[in-house]
Amino acid sequence: MNELPVTGEFGPSVRRAPVLICLGLILIYPLFSVPVQGSIHDLVPRVGEIGARVVTEAAIWTYGAIVLAIALFWEKRTLASIGLRRFSFASLWFAILGAIAMVAAGALGAQLVYGVLHQAQHADAQAAALVNGSVVYALCIAVRAGVIEEILFRGLAIEQLMTLTRARWLSAFLATAVFIVIHALHFDWIQLIPIAAVSIVLTGLYLWKRDLWANILAHIMVDGVGLVTLALQTHKLAHQPR
């Protein structure tokens, strides 16, 4: 498969239909993933807690795989065209730099929301309830978020929007804005400020290096550390003597 032009120009090999379908599926991804993840409690009585987590994770991964398959096999896009070239150790170093920048940006955003504006802190409690003291599940969520969200909202969304708009920065802005807004399904609007700060770093990292491996690893590192920490804290509190 020949790599699509990254300038956003329509050529004879560029198909609008799969691009629009992919973007539509990316847009409604949270409307699928959030209810599916929320259905765990309903599934537990039928298949058990581990079974419920496996079923819901499999459904979300399948959704992401379908979107990517449309881009690869119908649109005829290559993995390289969304930044998934051969992995190198340089990707790891840029991921570490990106993760450090994400933590710094998120800390500044959190300081503004919780330190300056004195808003109630709900995000940690919501995330802790989600992982429910399981380190393994926390890592699974972090990997899933890093892989699927970076492929959909950085690699595919930015590149496909460039195909439509022919404007690199506009495409990046639109993809990032949508990524930020969809988090309102999980968190209060005011809590979108630190999320926005982190999202801007991830978008900047992708625009700078166009190396989606770096984005994926940075995302997994930050989410993994945060969610595992919350899982350990929840587990510790649950097993404290009363």
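Remember, it's a predicted structure, so these values are computed and weren't measured experimentally.
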Euclidean distance, [Y] [atom2] relative to [X] [atom1], rounded to 0.5 Å:
{"X": "Phe87", "Y": "Asp211", "atom1": "CZ", "atom2": "CG", "answer": "8.0 Å"}
{"X": "Ile158", "Y": "Leu170", "atom1": "CD1", "atom2": "CG", "answer": "11.5 Å"}
{"X": "Ile100", "Y": "Met221", "atom1": "CD1", "atom2": "CE", "answer": "9.0 Å"}
{"X": "Leu227", "Y": "Ile141", "atom1": "CG", "atom2": "CD1", "answer": "6.0 Å"}
{"X": "Ile66", "Y": "Cys22", "atom1": "CD1", "atom2": "SG", "answer": "11.0 Å"}
{"X": "Gln160", "Y": "Arg16", "atom1": "CD", "atom2": "CZ", "answer": "13.0 Å"}

Pair [X], [Y]: side-chain N/O donor-acceptor within cut-off below 3.5 Å:
{"X": "Asp223", "Y": "His219", "answer": "yes"}
{"X": "Glu159", "Y": "Tyr206", "answer": "yes"}
{"X": "Gln37", "Y": "Arg53", "answer": "no"}

Are [X] and [Y] in one and the same hydrophobic cluster, where Ile, Leu, Val, Met, Phe, Trp and Tyr link if side-chain heavy atoms are under 4.5 Å apart?
{"X": "Trp74", "Y": "Ile151", "value": "yes"}
{"X": "Ile200", "Y": "Met162", "value": "no"}
{"X": "Trp93", "Y": "Leu212", "value": "yes"}
{"X": "Ile148", "Y": "Leu72", "value": "yes"}
{"X": "Val19", "Y": "Leu174", "value": "yes"}

Heavy-atom pair with the smallest gap, counting every atom of [X] and [Y]:
{"X": "Thr229", "Y": "Val225", "value": "OG1-O, 2.7 Å"}
{"X": "Leu207", "Y": "Arg168", "value": "O-NH2, 2.7 Å"}
{"X": "Ala172", "Y": "Thr203", "value": "CB-CG2, 3.8 Å"}
{"X": "Ile216", "Y": "Gly146", "value": "CG1-O, 3.6 Å"}
{"X": "Ala197", "Y": "Gly106", "value": "CB-N, 4.5 Å"}
{"X": "Leu161", "Y": "Ser171", "value": "C-OG, 3.1 Å"}

Find out whether [X] and [Y] are in side-chain contact, i.e. whether some heavy atom of one side chain is under 4.5 Å from a heavy atom of the other.
{"X": "Phe153", "Y": "Leu202", "result": "no"}
{"X": "Ile26", "Y": "Val67", "result": "yes"}
{"X": "Trp61", "Y": "Val143", "result": "yes"}

(message) Looking at Ile50, I'd like to know if its CD1 atom is crowded, meaning that more than 12 non-hydrogen atoms belonging to other residues, nucleotides or ligands lie closer than 6.0 Å.
(response)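 No, the 6.0 Å shell around CD1 holds no more than 12 heavy atoms from other groups.
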
Output yes when a side-chain donor or acceptor of [X] lies under 3.5 Å from a complementary backbone atom of [Y], and no otherwise.
{"X": "Ser81", "Y": "Thr78", "answer": "yes"}
{"X": "Ser39", "Y": "Val36", "answer": "yes"}
{"X": "Thr62", "Y": "Ala58", "answer": "yes"}

(message) Please determine whether side-chain contact (heavy atoms from CB on, under 4.5 Å) holds for the pair Thr163 and Arg77, giving the CA-CA distance in whole Å, both sets of side-chain angles, and the decisive distance to 0.1 Å.
(response) CA-CA 11 Å; Thr163 299; Arg77 184 175 289 278; 3.4 Å; yes

(request) Under the ring pair (Phe, Tyr, Trp, His ring centres under 6.0 Å) rule, collect the residues that match up with Phe32, sequence neighbours excluded. (result)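 Phe32 satisfies ring pair (Phe, Tyr, Trp, His ring centres under 6.0 Å) with Tyr63 only.
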
(message) Check whether Phe179 forms a cation-pi arrangement with Arg154 (NZ or CZ under 6.0 Å from the six-membered ring centre, at most 45° off the ring normal).
(response)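 So Arg154 does make the cation-pi contact.
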
(request) Give the intermediate values and the outcome of side-chain contact (heavy atoms from CB on, under 4.5 Å) for residues Leu152 and Leu25. (result) CA-CA 9 Å; Leu152 297 189; Leu25 290 172; over 6 Å; no

(request) Take Ile82 and Leu68 through the side-chain contact (heavy atoms from CB on, under 4.5 Å) test and state the conclusion after the steps. (result) CA-CA 10 Å; Ile82 61 172; Leu68 182 59; 4.0 Å; yes

(request) Check whether the ring centres of Trp213 and Phe94 lie less than 6.0 Å apart, and answer yes or no. (result)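 Distance test on ring centres: not under 6.0 Å, no.
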
(request) Please test Ile40 against Tyr137 for side-chain contact (heavy atoms from CB on, under 4.5 Å), starting from the C-alpha separation and ending with a verdict. (result) CA-CA 12 Å; Ile40 287 180; Tyr137 189 47; 3.0 Å; yes

